[in-house]
2 protein chains.
Amino acid sequence: MAKQKIIDAAIAVLNEDFSAPLDKIAAKAELSRRTLHRYFRDRAELLEACRVDMMHTWQTAMMAACRQGKDPVLQLELMLYAGIDCGEKYAFLDTLQEQAPATTQDKAYAAARDNWFRHVPALQRKGMISKELTVPWIRILFVQMIRSTIQALRSGSVVPNDIKKMAWYSFRRSIGMA
Amino acid sequence: MAKQKIIDAAIAVLNEDFSAPLDKIAAKAELSRRTLHRYFRDRAELLEACRVDMMHTWQTAMMAACRQGKDPVLQLELMLYAGIDCGEKYAFLDTLQEQAPATTQDKAYAAARDNWFRHVPALQRKGMISKELTVPWIRILFVQMIRSTIQALRSGSVVPNDIKKMAWYSFRRSIGMA
DNA sequence: TTATAGTGTCACACATTTGTGATATTTGTC
DNA sequence: GACAAATATCACAAATGTGTGACACTATAA
């Protein structure tokens with residue numbers, strides 16, 4: 001589907017340069033700018049479509065991840081993998097979220113994501129997560145670990161197969177897990 | 001000095017949106033766009049000034065850090081702190097480096113930064129750094145840890161005093177150190 | 001007070017980006 | 001081949017961003 005192709009291109013381009021001209025997005029999608037405009041009235045509409053698409057992708061991946069286990073540690077691992085699978089979509093969504101004020105939908109998204117982090121204090125008491133770290137810091141680490149993975153994949157200097165394992169290893173240890 | 005004020009504003013704005021209009025930079029610097037143009041002929045000149053400023057800041061911090069110890073682990077810790085002290089400058093410089101082809105000066109910068117990472121294989125053999133991780137991945141983690149710190153500071157949700165400690169703790173452990 | 005340096009405001013030409021209409025050209029299907 | 005759907009190309013007006021000149025408005029020092 002051309003529409004999805006455009007959205008994917010837009011996410012890829014805007015993630016690197018938020019004010020990039022539509023030509024660049026069209027080029028990335030291998031379409032003319034004119035065709036892009038046939039699917040999206042204007043820049044704002046495209047941006048909104050990106051937001052919805054990213055949210056949907058992330059939610060779907062998250063749901064699948066969370067269904068698989070009740071153990072918070074396993075859930076966290078699966079959440080990280082879900083974020084990685086969403087790739088740029090997750091990172092860019094996170095950026096967009098900062099720029100625009102939260103709508104009702106956004107709040108649902110944020111709630112879904114934040115849900116896990118409620119477990120942190122309990123895990124800290126159990127000594128599974130370092131007590132030196134704060135919850136906001138751990139959240140930031142989580143997002144940045146996904147960004148690191150994206151960058152590693154894009155740079156091509158790391159073998160794709162190894163990345164997920166390395167990411168989980170690094171993230172797990174960065175928050176004080178064994 | 002107004003010139004420095006503009007450069008700082010430019011780094012802050014362009015770090016978030018590389019194609020942001022000059023109006024935004026001028027606004028951030030609390031100056032009119034006309035005044036900005038009195039200091040910098042055009043966008044390219046401002047960008048170049050940013051690059052030089054960031055490189056200088058980073059080099060200075062790095063030199064100071066490296067003078068303090070011969071132990072690679074201590075050096076790494078001090079390098080991380082240097083990066084954090086440079087703040088956005090380090091992260092943006094890293095971005096710029098990707099976009100523009102390396103000049104002679106850039107190579108010197110890159111060399112200084114990369115210098116430390118030569119120690120990694122030796123440290124891996126000693127079992128101080130995880131053998132599961134690759135050098136490119138460790139480099140990415142280093143940069144992203146600085147970005148995490150910037151974000152944490154900017155969000156205001158983490159106490160500044162704690163950040164450096166948390167960043168070093170998380171980075172150290174993420175690469176497999178004790 | 002009078003210079004003078006730094007800044008702000010306004011106006012302007014120019015370039016780029018954006019959104020749209022008109023008209024081919026391609027693509028797939030019958 | 002004939003047809004319809006999707007796309008490309010071109011042209012164009014409107015909006016936005018860029019760089020510059022002219023001039024007015026502070027300050028501060030001589």
Side-chain angles (χ1 to χ4, degrees), chain A residues 1-57 88-89 91-93 95-101 103, chain B residues 1-57 88-89 91-93 95-101 103:
Chain A
M1 187 106 175
K3 199 159 183 170
Q4 190 59 43
K5 201 172 172 186
I6 295 170
I7 291 175
D8 290 339
I11 291 170
V13 170
L14 298 178
N15 189 37
E16 294 211 314
D17 182 358
F18 190 69
S19 297
L22 296 179
D23 303 77
K24 279 195 187 175
I25 297 171
K28 183 90 173 179
E30 295 171 300
L31 289 168
S32 68
R33 190 168 58 87
R34 191 65 188 82
T35 302
L36 188 154
H37 274 297
R38 286 208 182 83
Y39 288 96
F40 303 97
R41 190 180 314 280
D42 54 23
R43 192 184 182 85
E45 197 173 303
L46 174 57
L47 220 64
E48 175 60 16
C50 286
R51 204 185 56 78
V52 171
D53 174 83
M54 294 186 294
M55 217 143 88
H56 184 257
T57 303
E88 283 163 326
K89 292 189 181 181
F92 185 37
L93 178 54
T95 308
L96 259 191
Q97 227 67 40
E98 283 173 21
Q99 304 222 358
T103 67
Chain B
M1 186 105 174
K3 199 159 184 172
Q4 190 59 43
K5 201 174 173 185
I6 295 171
I7 291 175
D8 290 339
I11 291 171
V13 170
L14 298 178
N15 189 37
E16 295 210 314
D17 180 359
F18 189 69
S19 297
L22 296 179
D23 303 75
K24 278 195 186 173
I25 297 171
K28 184 87 173 183
E30 295 172 299
L31 289 168
S32 67
R33 189 167 60 85
R34 191 64 188 82
T35 300
L36 188 154
H37 274 297
R38 287 205 182 88
Y39 287 95
F40 303 98
R41 191 180 312 280
D42 55 22
R43 193 183 181 86
E45 196 173 304
L46 173 57
L47 221 65
E48 175 59 17
C50 287
R51 204 185 56 78
V52 170
D53 175 83
M54 293 186 294
M55 215 143 88
H56 183 257
T57 304
E88 281 163 326
K89 293 189 181 182
F92 184 37
L93 179 53
T95 308
L96 259 191
Q97 227 68 39
E98 282 172 22
Q99 305 225 0
T103 67

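Chain A is the first sequence line, chain B the second, and so forth, proteins listed ahead of strands; every chain is numbered from 1.
Atom pair B:H37:NE2 and C:dT7:P shows a separation of 15 Å (rounding to whole Å applied). Protein atom CG of B:D23 is 11 Å distant from nucleotide atom P of D:dG19, rounded to whole Å. Protein atom NZ of A:K24 is 12 Å distant from nucleotide atom C1' of C:dT16, rounded to whole Å. The interatomic distance linking B:L36 (CG) with D:dG17 (P) rounds to 15 Å, in whole Å. Residue A:R41 contributes atom CZ, which lies 17 Å from atom C1' of D:dA14 at whole-angstrom precision. To the nearest angstrom, P of C:dT18 lies 12 Å from CG of A:L47. B:D17 places its CG atom 13 Å from the C1' atom of D:dG17, with the value rounded to the nearest Å. Rounded to whole angstrom, the span from the CG atom of A:D42 across to the C1' atom of D:dA14 amounts to 14 Å.
For DNA chain D, no neighbouring residue in residues 5-12 of chain B is found when judged by any heavy atom under 4.0 Å.
In this structure, the side chains of B:E48 and B:F40 stay at 4.5 Å or more apart for every pair of heavy atoms. Side chains of B:K89 and B:D8 form a contact here, defined as non-hydrogen atoms less than 4.5 Å apart. Residues A:M55 and A:R51 form a side-chain contact, since some pair of their non-hydrogen atoms from C-beta on lies under 4.5 Å apart. B:R43 has its side chain within reach of B:L14: a pair of non-hydrogen atoms, C-beta onward, lies under 4.5 Å apart. Side-chain contact between A:T57 and A:M54 is absent, with no heavy atoms from C-beta onward closer than 4.5 Å.
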For nucleotides 24-27 of chain C, which of its nitrogen or oxygen atoms have a protein nitrogen or oxygen under 3.5 Å away, and what is each distance?
none

Nucleotide N/O to protein N/O under 3.5 Å, stretch nucleotides 6-9 of chain D:
unit_1	atom_1	unit_2	atom_2	d
D:dT7	OP2	A:Y39	OH	2.6
D:dA8	OP2	A:S32	N	2.9
D:dA8	OP2	A:S32	OG	3.0
D:dA8	OP2	A:T35	OG1	2.6
D:dA8	N6	A:R38	NH2	2.7

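How far CG of A:L22 is from CG of A:D42: 9.0 Å, rounded to the nearest 0.5 Å. Atom CD1 of A:I6 sits about 10.0 Å away from atom NE2 of A:H37, to the nearest 0.5 Å.
The main-chain N or O of A:Q4 is never found under 3.5 Å from a side-chain atom of A:D53 such that the two would form a donor-acceptor pair.
Of all the heavy atoms in A:F18 and A:L96, the pair that sits closest is CE1-CD2, 3.9 Å.
By the 6.0 Å contact criterion, CD on B:E45 is enclosed, its count of non-hydrogen atoms from other residues, nucleotides or ligands being greater than 12.
Judged by the 6.0 Å and 45° rule, A:K5 forms no cation-pi pair with A:Y39.
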